[in-house]
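One-based numbering, in listed order, for ligands and for the atoms of each. These numbers come from a predicted model, not from an experiment.
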Amino acid sequence: MSDKIKVFVLLGLLFLFFGYSFYLYKLNYSPENSATALADKGKKLWQAKNCGACHQIYGLGGYLGPDLTNIYSTRSKEHIKAFLHTGTNIMPAFNLNDSEVSQIVAYLKSIDATGIAAPSRLKIKNDGSIER
Ligand code: HEC
């Protein structure tokens, strides 16, 4: 292969590499609204509002309210939002605005994706391993 062709191929590959990298970087890239950024904000709110005083995550926390690890999949987004907007006799309403509520929902969604809190919902197989 002549040197000219090698340089040509190299330049072509470099162009494709940088072009595709740039394309991927720009694709839907908005750190402010990405799911993890929302969930991070939700986690900070969770801590600031001290939800953990009454609720558990992975079984850790206060026991006045229920464990919320899997609330996202066992109930619904709307259910969570309703509780946050209105509160109950026992749970205070926190006067969160819509974006704060969706941050908490994003946090609870990310928690839900990480595992199952109640060991009673796990099935132990005959060989001792665990099945979901
Ligand atoms: C003072 C204690 C207390 C605090 C603080 C509290 N909660 Fe609650 N929460 C409860 C109780 C108790 C319930 C169960 C409903 C009831 O009996 O009133 C509940 C229910 C819920 C539910 C519905 C659970 C289900 O199984 O249906 C969600 C979701 C929830 N809380 C989210 C939150 C979030 C998020 C925060 C923080 C912003 C928070 N709670 C702070 C006491 C609390």
Side-chain angles (χ1 to χ4, degrees):
M1 216 193 299
S2 82
D3 282 353
K4 228 178 174 181
I5 293 177
K6 282 181 190 165
V7 169
F8 184 73
V9 168
L10 182 72
L11 285 178
L13 286 174
L14 278 176
F15 176 77
L16 286 175
F17 172 74
F18 285 111
Y20 192 57
S21 300
F22 183 74
Y23 167 74
L24 288 179
Y25 185 74
K26 281 288 169 196
L27 192 77
N28 274 337
Y29 185 70
S30 69
E32 277 304 300
N33 294 320
S34 76
T36 31
L38 264 188
D40 282 352
K41 287 182 185 161
K43 184 178 187 177
K44 288 196 180 110
L45 266 175
W46 174 273
Q47 290 165 345
K49 304 290 176 187
N50 213 3
C51 311
C54 298
H55 291 286
Q56 310 105 61
I57 294 275
Y58 309 127
L60 295 174
Y63 282 90
L64 190 58
D67 188 306
L68 296 183
T69 314
N70 300 120
I71 188 76
Y72 189 86
S73 56
T74 52
R75 305 286 185 144
S76 66
K77 209 189 243 183
E78 289 69 31
H79 179 90
I80 300 172
K81 288 185 175 173
F83 266 87
L84 289 174
H85 279 304
T86 59
T88 67
N89 287 342
I90 319 172
M91 174 170 150
F94 287 88
N95 295 322
L96 301 169
N97 62 34
D98 285 349
S99 74
E100 288 173 323
V101 168
S102 33
Q103 288 162 13
I104 291 208
V105 170
Y107 173 58
L108 291 174
K109 184 179 179 185
S110 75
I111 292 292
D112 183 50
T114 59
I116 288 180
S120 58
R121 283 176 49 210
L122 298 168
K123 197 174 149 210
I124 299 175
K125 292 194 277 190
N126 289 340
D127 62 0
S129 61
I130 287 173
E131 187 182 282
R132 279 186 144 207

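Looking from atom 18 (O) of ligand 1 to the surrounding protein, the closest heavy atom is Thr88 OG1, 2.4 Å. What sits closest to atom 12 (C) of ligand 1 on the protein, heavy atoms only, is Leu64 O, 3.5 Å. When only non-hydrogen protein atoms are considered, atom 17 (O) of ligand 1 lies nearest to Ile90 CD1, 3.6 Å. Protein heavy atom at the shortest distance from atom 14 (C) of ligand 1 is Pro66 CD, 3.7 Å. Scanning the protein heavy atoms around atom 26 (O) of ligand 1, the nearest turns out to be Ile71 CD1, 3.4 Å. The protein atom (non-hydrogen) at minimum distance from atom 15 (C) of ligand 1 is Phe83 CE2, 3.7 Å.
Considering backbone and side-chain atoms together, Asn50 places no N or O closer than 3.5 Å to any N or O of ligand 1. Here's the thing with Asn89: none of its N/O atoms is less than 3.5 angstrom from an N/O atom of ligand 1.
Using a 4.0 Å cutoff on heavy atoms, Leu84 counts as a contact of ligand 1.
Comparing heavy-atom distances from atom 2 (C) of ligand 1 across Cys51, Ala82, Cys54, Ala93 singles out Cys54 as nearest. For atom 28 (C) of ligand 1, the candidate residues are Ile80, Leu68, Leu45; the nearest heavy-atom contact is made by Leu68. Of all the listed residues (Gly65, Ala48, Pro92), Gly65 holds the heavy atom that lies closest to atom 11 (C) of ligand 1.
Proximity of Phe94 to Leu45: side-chain heavy atoms (C-beta onward) are nowhere separated by under 4.5 Å. In this structure, the side chains of Gln103 and Lys44 stay at 4.5 Å or more apart for every pair of heavy atoms. The shortest side-chain heavy-atom distance between His85 and Asp98 falls under the 4.5 Å cut-off. The shortest distance between side-chain heavy atoms of Ile116 and Leu122 falls below 4.5 Å.
Tracing side-chain contacts under 4.5 Å through hydrophobic residues (I, L, V, M, F, W, Y), one reaches Trp46 starting from Ile80; they form part of the same cluster. Both Ile104 and Tyr58 belong to a single network of hydrophobic side chains, linked directly or stepwise wherever heavy atoms of I, L, V, M, F, W or Y lie under 4.5 Å apart. By the criterion of side-chain heavy atoms lying less than 4.5 angstrom apart, applied directly or through intervening Ile, Leu, Val, Met, Phe, Trp or Tyr residues, Leu38 is not grouped with Leu68; the two fall into different hydrophobic clusters.
Residue contacts with ligand 1 for Leu96 are absent, since no atom lies close enough (heavy atoms, distance under 4.0 Å). Under 4.0 Å from ligand 1, the heavy atoms of Ile104 that appear belong solely to its side chain.
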Show the numbers, then the answer: is there a side-chain contact (heavy atoms from CB on, under 4.5 Å) between Ile71 and Phe83? CA-CA 12 Å; Ile71 188 76; Phe83 266 87; over 6 Å; no
Just do the side-chain contact (heavy atoms from CB on, under 4.5 Å) check on Val105 and Glu78 with the steps written out, would you? CA-CA 9 Å; Val105 170; Glu78 289 69 31; over 6 Å; no
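Here Ile130 contributes atom CD1 and Lys123 contributes atom NZ; the two are 12.5 Å apart, rounded to the nearest 0.5 Å.
Atom 8 (Fe) of ligand 1 forms the vertex of an angle spanning SD of Met91 and NE2 of His55; to the nearest 10 degrees it equals 170°.
Counting the atoms of ligand 1 from 1 in the order shown, those under 4.0 Å from a heavy atom of His79 are 23 (C), 25 (C), 27 (O).
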